[in-house]
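These notes are about the structure you will find just below.
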Amino acid sequence: MDYKKEYEKWCADAYFDDATKEELKTLAGNEAEIEDRFYRRLEFGTGGLRGVIGAGTNRMNIYTVRQATQGLANYILSQDGQEKGVAIAYDSRIMSPEFAEEAALCLNANGIKTYRFESLRPTPELSFCVRHLGCIAGIVITASHNPREYNGYKVYWEDGAQITPPHDKNILAEVAEVTSFSQVKTMGRDEAEAKGLYHTIGAEIDDLYMAQLKAQSIHPEIIAEAARGIKIVYTSLHGTGNLPVRRVLKELGFEQVYVVKEQELPDGNFPTVAYPNPEDEKAWTLALALAKEKDADIILATDPDADRLGVYAKDTVSGEYISFTGNMSGMLIAEYILRERTLNGTMPKNPALVETIVTTDMAKVIAADYKTALIEVLTGFKYIGEQIRLFEQNGAYSYVFGLEESYGCLAGTYARDKDACVAVMMLCEAAAFYKAQGKTLWDAMLAMYEKYGYYKEGLATLTLKGIDGARQIREKMSAARENPPKELGGLRVLAVRDYQADTRTELATGAVTATGLPQSNVLYYELEDNAWCCVRPSGTEPKIKYYFGVKGASLKDAEEKLETLKAAMLA
């Protein structure tokens, strides 16, 4: 792509609105910025679009959203899905309502029905909605937990999960064929509504979704007993979680829920945080202050589209609040569900726990303890959602719980994506359960460490932006493939899994077997002493991600082992 010609076209062509042209004209002379905005089309990956908001082919704007939607429309038409329609939701980010509207009207112009939420909603509610309405597909306008300058566009298929093979590759191919804006259709909303193509949805879906959340409760009687005494601090980080999270907690009977007022209202500028991500400790400043004021038992934070949950719990010994990783909170919920459903006889036949390959190995021992199958999938919750569909089709297992290390999990099968709203509900129920025994969630976590082992995991990222950054990411992955390490942090590498080549190679014998998972640009190192590490490029940001896992004899031992392994891997 000739970035200069493309820039000049956008500045002059009548197709682009005046605001877009004015924004671009202010860049005159800034060659680096112009090149970054126009050196390529914003990549439509296997999940959709994600990028910085702004004018240009490599940015999120109404034109790139329309272009992607036209490709999706072409694929839906090829599948005769126009009558089934597409459900559309959006979060609190800048331009989210506008992008949702443009996507709907482009689909409508292609004769495809749409069901657009009247206002912002959590991503998991969209997943539920797709299946409830019998839609062929769904779209969520969100950039999840990315910085404020980002927005994105995620595509779901009729099973309610993000697109997986063969639909992901087929949609990618259709989007790639839309090379000119002249191929893109759109229409006015009044006309779309008059033709019965554009539908607005809202409260009726909220009520059904809420009923599904509450149906996952195992011990409502324990909540009724402990709900008055347990104190919960919650923040939505200016996102979509505020109303559904508060509603489900209220309807379950929790009485002392304190909301961080400064972060309560939706705001795409995220004025109180630099990074609206519950994984970032800086995002917790206000919530921690409120928790100390109220002497809260637990602190909860959901990301902007309410599919990830972060947790702090009180340590009664020190009086301090302990941060839980996604692995820790996921294991607390998993063990609570497996134990209590086993005890009360509601565990289904052939139960299965599903996790990604970079999630804690504690899941394996917990699953074994409760005679539950443990299924591993590639990174990305869409692969967990895919397993739910496969279980329903082949009857091999019954899905009980699924989780990934990046603060996402799902109890139940009403949705096919991670859901922070149900995670809040299950974690608060577990907190009530343990409080009735005089324990905190941290006490429960320590008991799990004592029983199953001191598993600890970490994540490090390397950000490499722009054209040069993309090249460096490719080079680093190639170098790692060509020269696999023999040891890391003093630990022997026992085997290397290359998911791109679909190989698992044992270093001692040279024996090669298949990974059994779909092709993906991921390298995974199995180490001695129950340790492992993994490296992969991010699918949504210009980053390489490094994952690590160890098992220690104590919390301190695990921490030291993890730091040694992390330093070796990054070196």
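Hydrogens, waters and symmetry mates play no part in the numbers below; they use all other heavy atoms, side chains included. It should be emphasised that the depicted structure is a prediction, and the values quoted were computed from it without experimental measurement.
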Result block: side-chain N/O donor-acceptor pairs under 3.5 angstrom for residues 100-113, not counting sequence neighbours:
from	atom 1	to	atom 2	distance (Å)
Glu101	OE1	Arg116	NE	3.3
Glu101	OE1	Tyr198	OH	2.5
Glu101	OE2	Arg189	NH1	3.4
Glu102	OE1	Arg66	NE	2.7
Glu102	OE1	Arg66	NH2	3.2
Asn108	ND2	Ala104	O	3.3
Asn108	ND2	Ile112	O	3.0
Asn108	ND2	Thr114	OG1	3.1
Asn108	ND2	Leu197	O	3.3
Asn110	OD1	Gln70	NE2	2.9
Asn110	ND2	Gln70	OE1	3.1
Asn110	ND2	Cys106	O	2.8
Lys113	NZ	Glu83	OE1	3.3

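Sparse packing is recorded around CD of Glu281, with 12 or fewer heavy atoms of other residues, nucleotides or ligands lying under 6.0 Å away. Enclosure of atom CD in Glu177 is not indicated, since only 12 or fewer non-hydrogen atoms of other residues, nucleotides or ligands lie within 6.0 angstrom.
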Determine, stepwise, if the pair Asn269 / Arg148 fulfils side chain to side chain donor-acceptor pair (under 3.5 Å).
CA-CA 6 Å; Asn269 288 304; Arg148 62 174 64 91; 5.5 Å; no
Let me see the working for Glu22 and Thr26 under side chain to side chain donor-acceptor pair (under 3.5 Å), right down to the final yes or no.
CA-CA 7 Å; Glu22 287 302 314; Thr26 64; over 6 Å; no
Verify side chain to side chain donor-acceptor pair (under 3.5 Å) between Asn242 and Tyr234, making sure each step is shown before the conclusion.
CA-CA 8 Å; Asn242 184 44; Tyr234 169 68; 5.8 Å; no
Test side chain to side chain donor-acceptor pair (under 3.5 Å) on Arg121 and Thr240 and set out the steps.
CA-CA 6 Å; Arg121 291 298 192 281; Thr240 61; over 6 Å; no
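For the pair Phe44 and Val155, the minimum side-chain heavy-atom distance is below 4.5 Å. Counting heavy atoms from C-beta outward, Thr356 and Tyr383 have side chains that stay 4.5 Å or more apart. The closest side-chain heavy-atom distance from Glu174 to Leu72 is not below 4.5 Å. Between Arg93 and Pro266 there is no side-chain heavy-atom pair separated by less than 4.5 Å. Residues Glu264 and His238 form no side-chain contact, since every pair of their non-hydrogen atoms from C-beta on lies 4.5 Å or further apart. Contact check for Tyr153 versus Ile141: side-chain heavy atoms found under the 4.5 Å cut-off. Considering only heavy atoms from C-beta on, Val273 stays 4.5 Å or farther from Lys282 through its side chain. Ser96 has its side chain out of reach of Thr142: every pair of non-hydrogen atoms, C-beta onward, lies at least 4.5 Å apart.
A centroid separation of less than 6.0 Å is found between the aromatic rings of Tyr336 and Phe433. In this structure, Phe181 has its ring center under 6.0 Å from that of Tyr15.
Side-chain N or O atoms of Gln67 include one that pairs as donor or acceptor with a backbone N or O of Val178 at under 3.5 Å. Not one N or O on the side chain of Glu98 forms a donor-acceptor pair closer than 3.5 Å with the backbone of Ile62. With hydrogens and angles disregarded, a donor-acceptor distance shorter than 3.5 Å links the side chain of Arg37 to the backbone of Ala55. A donor-acceptor contact shorter than 3.5 Å is absent between the side chain of Glu191 and the backbone of Met187. The backbone N or O of Gln212 lies less than 3.5 Å from no partner atom in the side chain of Tyr209, so there is not a single donor-acceptor pair. Formation of a donor-acceptor pair under 3.5 Å by the His145 side chain with backbone atoms of Asp303 is not found in this model. The closest donor-acceptor contact from the side chain of Thr69 to the backbone of Val65 lies under 3.5 Å. In this structure, Asn170 contributes its side chain and Pro166 its backbone to a donor-acceptor pair below 3.5 Å. Ser236 contributes a side-chain N or O that, together with a main-chain N or O of Gln263, makes up a donor-acceptor pair within less than 3.5 Å. No side-chain donor-acceptor contact under 3.5 Å links Asp13 to the backbone of Phe16.
Between the side chains of Asn146 and Arg50, a donor-acceptor pair is found at a separation under 3.5 Å. Tyr63 and Asp17 are linked by a side-chain donor-acceptor pair at a separation below 3.5 angstrom, with hydrogens and angles left out of the test. A side-chain donor from one of Ser217 and Glu429 sits under 3.5 Å from a side-chain acceptor of the other. Between the side chains of His167 and Tyr75, a donor-acceptor pair is found at a separation under 3.5 Å.
Contact record, Val311 with Ser329: CG2-CB, 4.0 Å, taken as the closest heavy-atom pair. The nearest pair of heavy atoms linking Ala137 to Val130 is O-CG2, 3.9 Å. The nearest pair of heavy atoms linking Gly408 to Phe381 is O-CE1, 3.9 Å. Contact detail for Pro147 and Pro276: the closest heavy-atom pair is CA-CD, 4.2 Å. Nearest heavy atoms, Ile333 versus Cys409: CD1-SG, 4.1 Å. Among all heavy-atom pairs drawn from Tyr150 and Ile53, the shortest one is O-CD1, 3.9 Å.
For Arg416, the salt bridge (charged side-chain N to carboxylate O under 4.0 Å, His left out) partners are Glu392, not counting sequence neighbours. For Lys250, there are no salt bridge (charged side-chain N to carboxylate O under 4.0 Å, His left out) partners at least two apart in sequence or on another chain. Looking at residues two or more places apart in sequence or on another chain, you find a side chain to side chain contact (heavy atoms under 4.5 Å, CB included) between Thr346 and Arg341, Asn344. For the ring-ring contact (aromatic ring centres under 6.0 Å, His included) test, no residue two or more places apart in sequence or in another chain qualifies with Tyr39.
We find the OH-CZ distance between Tyr407 and Arg308 to be 10.5 Å, quoted to the nearest 0.5 Å. In this structure, the separation between CD on Glu125 and SG on Cys421 is 8.0 Å, given to the nearest 0.5 Å. How far CG of Leu300 is from CG of Leu427: 6.5 Å, rounded to the nearest 0.5 Å. To the nearest 0.5 Å, atom CD of residue Gln82 and atom CD1 of residue Ile76 are 9.0 Å apart.
The existence of a salt bridge linking Asp307 and Lys154 is confirmed by a sub-4.0 Å separation between a basic side-chain nitrogen and an acidic carboxylate oxygen. Ion pairing of Lys418 with Asp305 is absent here, as no side-chain N (NZ or NE/NH1/NH2) approaches a carboxylate O to less than 4.0 Å. Taking 4.0 Å as the cut-off between side-chain N and carboxylate O, Lys435 and Asp297 count as a salt-bridged pair. Remark: Arg59 engages Asp36 in a salt bridge, criterion side-chain N to carboxylate O under 4.0 Å.
Within the structure, the ring pair (Phe, Tyr, Trp, His ring centres under 6.0 Å) test picks out the following pairs touching residues 258-309 (sequence neighbours left out): Trp284-Tyr312.
The aromatic rings of Tyr115 and His199 lie parallel to each other, their planes meeting at an angle below 30°, with 60° marking the opposite boundary.
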